[in-house]
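No hydrogens, no waters, no symmetry mates; every other heavy atom, side chains included, goes into these values.
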Amino acid sequence: METAIYTTIYNRKKSLSKNGTALIQIEIYFNRKRKYISTSIYIRPDQWDNKNRKVKNHPNGIKINKHISDLTTGMQGYELDQRNAGKPFNMELLTEYINGNITKSFTEFIEREIKRGNTASSTKVTQTTTLKRLKEFRKDVLFTDCNVEFLASFERFLKLKKLSVNTINKYFRHLRTFYNLAINQDLVELSTYPFRKFKLHTEETHRQPITPEEITAIEAVNIPPELHHLQKVKDMFLLACYTGLRFSDLTALKPEHFITRDKQYFIDTKMVKTKTHLTIPITELNRIFRGNLMEIVSRYNDRDRPFMFDELTNQYVNRCLKELAELAGITSLVTFHTARHTLATFLIGRRVPITTVQRLLGHKKLATTMIYTKVHDAVVINDLRHIEA
């Protein structure tokens with residue numbers, strides 16, 4: 001079986017830099033191909049022992065030689081690991097290893113994938129929180145650490161933090177996603193997959209929308225001068241109630257996303273979280289909500305602004321919503337996502353087909369929309385009254 005040959009070479013291009021130094025490289029010869037790895041170390045010709053291929057007469061010679069030896073040993077070790085595991089070895093895989101794209105550390109792998117992953121910013125935030133919690137439990141988690149016992153220990157650790165069942169479930173779903181990704185990249189064996197025997201737990205949540213009367217109460221709130229910061233929060237929240245837009249989609253909204261087609265006004269955009277194309281019929285929704293929708297849009301639809309709402313964070317807005325709810329006399333918990341749930345419940349309660357609600361919310365799966373089908377008791381009673389005894 002052919003193995004790679006690793007050789008330390010100096011000044012391969014036979015050319016010195018302006019300060020009279022040249023680069024030390026590691027030459028790899030395998031399968032009739034050569035690859036050169038830079039050590040990023042430059043020395044003078046008189047500091048190189050060509051016979052022994054080592055640095056000499058240099059104040060840091062011992063450290064430099066050890067650094068080069070460690071680089072070579074690391075590459076040789078990776079090659080042996082691949083062969084012992086019965087996995088392929090080639091220059092492309094070695095390049096991935098050299099570039100740091102192959103690691104034995106699960107935490108390091110997660111951190112790298114979060115940075116280079118093509119996911120929504122909100123997803124990156126929750127993934128980063130998962131990684132933070134994992135590092136709190138153990139600073140560096142190797143792939144070999146990831147077994148059922150380890151996952152169970154981490155779960156107990158999270159429970160001691162008083163986290164909800166569904167929050168813990170979200171963390172483990174992220175870990176499972178990254179472990180599957182590592183399997184796909186041949187970093188770990190499928191046979192080591194620990195989630196096959198580790199059961200994830202969830203509990204049913206009851207998402208509480210606000211009522212049409214509470215929407216009217218928020219609409220009627222007069223913001224006092226000393227609380228002027230609540231005006232934009234009020235407008236953003238009501239616009240989300242009228243359109244069902246998530247916070248991330250609302251803050252990404254631009255004036256050019258408002259279009260006219262067949263004498264109807266639409267929001268035409270792509271959802272930040274799912275990248276799904278979304279078309280919202282503004283004309284009809286504005287009619288349903290008595291013209292309040294376009295009144296808000298007209299205040300912020302400034303062509304000189306790149307985004308209509310771009311200064312506030314979700315966390316800040318949720319804090320302000322507590323003040324706004326208090327001014328409106330609403331005692332239930334109100335968050336920005338309440339608005340999305342409110343529109344869905346409002347439409348379903350008025351007999352709008354679930355598939356229409358699905359399209360308005362931009363859900364790919366009908367099952368996701370079904371989460372929002374909890375309606376008010378008054379609607380249930382009204383429906384039952386139409387049934388003959």
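When the shell of 6.0 Å around NZ of Lys54 is examined, it contains 12 or fewer heavy atoms from other residues, nucleotides or ligands. Heavy atoms of other residues, nucleotides or ligands lying less than 6.0 angstrom from CG of Leu366 number more than 12. The 12-atom threshold is not exceeded at NZ of Lys270, counting heavy atoms of other residues, nucleotides or ligands nearer than 6.0 Å. Remark: Arg359 CZ is loosely packed, at most 12 non-hydrogen atoms of other residues, nucleotides or ligands lying under 6.0 Å away. Atom NZ of Lys104 is surrounded by 12 or fewer heavy atoms from other residues, nucleotides or ligands within 6.0 Å. Within 6.0 Å of NZ in Lys63 there are 12 or fewer heavy atoms belonging to other residues, nucleotides or ligands. Around CD of Glu326, the count of heavy atoms belonging to other residues, nucleotides or ligands within 6.0 Å does not exceed 12.
In the hydrophobic cluster analysis, where Ile, Leu, Val, Met, Phe, Trp and Tyr join through side-chain heavy atoms closer than 4.5 angstrom, Leu16 is grouped together with Ile41. Using a 4.5 Å cut-off between side-chain heavy atoms of Ile, Leu, Val, Met, Phe, Trp and Tyr, with links allowed through other members, Phe289 and Phe258 fall into the same hydrophobic cluster. No continuous path of hydrophobic side-chain contacts links Phe266 to Leu253 [ILVMFWY only; heavy atoms under 4.5 Å]. The hydrophobic cluster containing Ile5 does not contain Leu71, counting ILVMFWY residues as joined when their side-chain heavy atoms lie under 4.5 angstrom apart, directly or transitively. Ile37 is not connected to Tyr42 by any chain of hydrophobic side-chain contacts under 4.5 Å among Ile, Leu, Val, Met, Phe, Trp and Tyr, and they are in different clusters.
Side chains of Tyr36 and Ile9 form a contact here, defined as non-hydrogen atoms less than 4.5 Å apart. The side-chain heavy atoms of Leu324 and Val221, taken from C-beta on, include a pair separated by under 4.5 Å. Considering only heavy atoms from C-beta on, Ile64 comes within 4.5 Å of Ile68 through its side chain. Residues Leu293 and Arg287 have side chains not in contact (no heavy-atom distance under 4.5 Å, counting atoms from C-beta outward).
A salt bridge links Glu219 with Arg290: at least one charged nitrogen is closer than 4.0 Å to a carboxylate oxygen. Salt bridge annotation for Arg12-Glu27: absent, with no cationic side-chain nitrogen under 4.0 angstrom from a carboxylate oxygen. Residues Glu295 and Arg299 are paired through a salt bridge, judged by an N-O separation under 4.0 Å between the basic side chain and the carboxylate. Using a 4.0 Å cut-off between a side-chain N of Lys or Arg and a carboxylate O of Asp or Glu, Asp46 and Arg44 qualify as a salt bridge. A salt bridge between Asp70 and Lys66 is present, with a side-chain N of the basic residue lying under 4.0 Å from a carboxylate O of the acidic one.
Both tests pass for Arg350 against the ring of Phe346: distance under 6.0 Å to the centre and angle within 45° of the axis. Note that Arg53 lies outside the cation-pi zone of Tyr10, set by a 6.0 Å cut-off to the ring centre and a 45° limit from the axis.
When each of Asn11, Ile24, Thr21 is paired with Ile43, the side-chain contact (heavy atoms from CB on, under 4.5 Å) condition holds for Ile24 and for no other. The one candidate from His341, Glu214, Arg340 that meets the side-chain contact (heavy atoms from CB on, under 4.5 Å) condition with Pro209 is His341.
In this structure a side-chain-to-backbone donor-acceptor pair under 3.5 Å is missing from Thr356 to Val352. Judged by distance alone, the side chain of His58 and the main-chain N or O of Asn60 form a donor-acceptor pair under 3.5 Å. Under the 3.5 Å distance criterion, the side-chain polar atoms of Arg351 are matched with a main-chain donor or acceptor of Gly349. Within the 3.5 Å criterion, the main-chain N or O of Gln25 finds no donor-acceptor partner in the side chain of Thr39. Using a distance-only test at 3.5 Å, with no hydrogens or angles considered, no donor-acceptor pair links the side chain of Asp268 to the main chain of His257.
Aromatic ring pairs are classed by plane angle as parallel below 30°, tilted from 30° to 60° and perpendicular above 60°; the pair Tyr97 and Tyr78 is parallel. Taking the six-membered ring where tryptophan is involved, the planes of Phe247 and Phe336 are perpendicular, since the angle between them exceeds 60° and thus also 30°. Under the 30°/60° scheme for interplanar angles, the aromatic rings of His229 and Tyr316 are found to be tilted. Between Phe198 and Phe172, the angle of the ring planes lies from 30° to 60°, which puts this pair in the tilted group.
Atoms CE and CD1, on Met236 and Ile296 in that order, are 11.0 Å from each other to the nearest 0.5 Å.
With ring centers used as reference points, Tyr179 lies under 6.0 Å from Phe106. Tyr193 and Phe195 have their aromatic ring centers within a separation under 6.0 angstrom.
Judged by distance alone, the side chains of Asn166 and Ser164 never bring a donor and an acceptor atom under 3.5 Å apart. With no hydrogens or angles considered, a side-chain donor-acceptor pair links Asp49 and Asn52 at under 3.5 Å.
Across all non-hydrogen atoms, the minimal contact from Asn301 to Met308 is N-CE, 4.1 Å.
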Let me have the donor-acceptor pairs involving side chains of residues 140-152, under 3.5 Å, with sequence neighbours excluded, atom names and distances please.
unit_1	atom_1	unit_2	atom_2	d
Asp140	OD1	Ser105	OG	2.5
Asp140	OD1	Thr107	OG1	2.8
Asp145	OD2	Leu142	N	2.8
Asn147	OD1	Glu149	N	3.2
Asn147	OD1	Phe150	N	2.8

Side chain to side chain donor-acceptor pair (under 3.5 Å) assessment of Asn169 paired with Arg173:
CA-CA 6 Å; Asn169 176 274; Arg173 282 190 287 111; 2.7 Å; yes
Give the intermediate values and the outcome of side chain to side chain donor-acceptor pair (under 3.5 Å) for residues Thr335 and Thr338.
CA-CA 5 Å; Thr335 66; Thr338 302; 3.3 Å; yes
May I have the step-by-step check of side-chain contact (heavy atoms from CB on, under 4.5 Å) for Phe109 and Leu181, ending in yes or no?
CA-CA 10 Å; Phe109 173 77; Leu181 189 58; 4.0 Å; yes
With salt bridge (charged side-chain N to carboxylate O under 4.0 Å, His left out) as the criterion, how do Arg83 and Glu79 come out once you've worked through the C-alpha distance, each side chain's angles and the decisive distance to 0.1 Å?
CA-CA 6 Å; Arg83 296 189 186 285; Glu79 179 183 353; 3.0 Å; yes
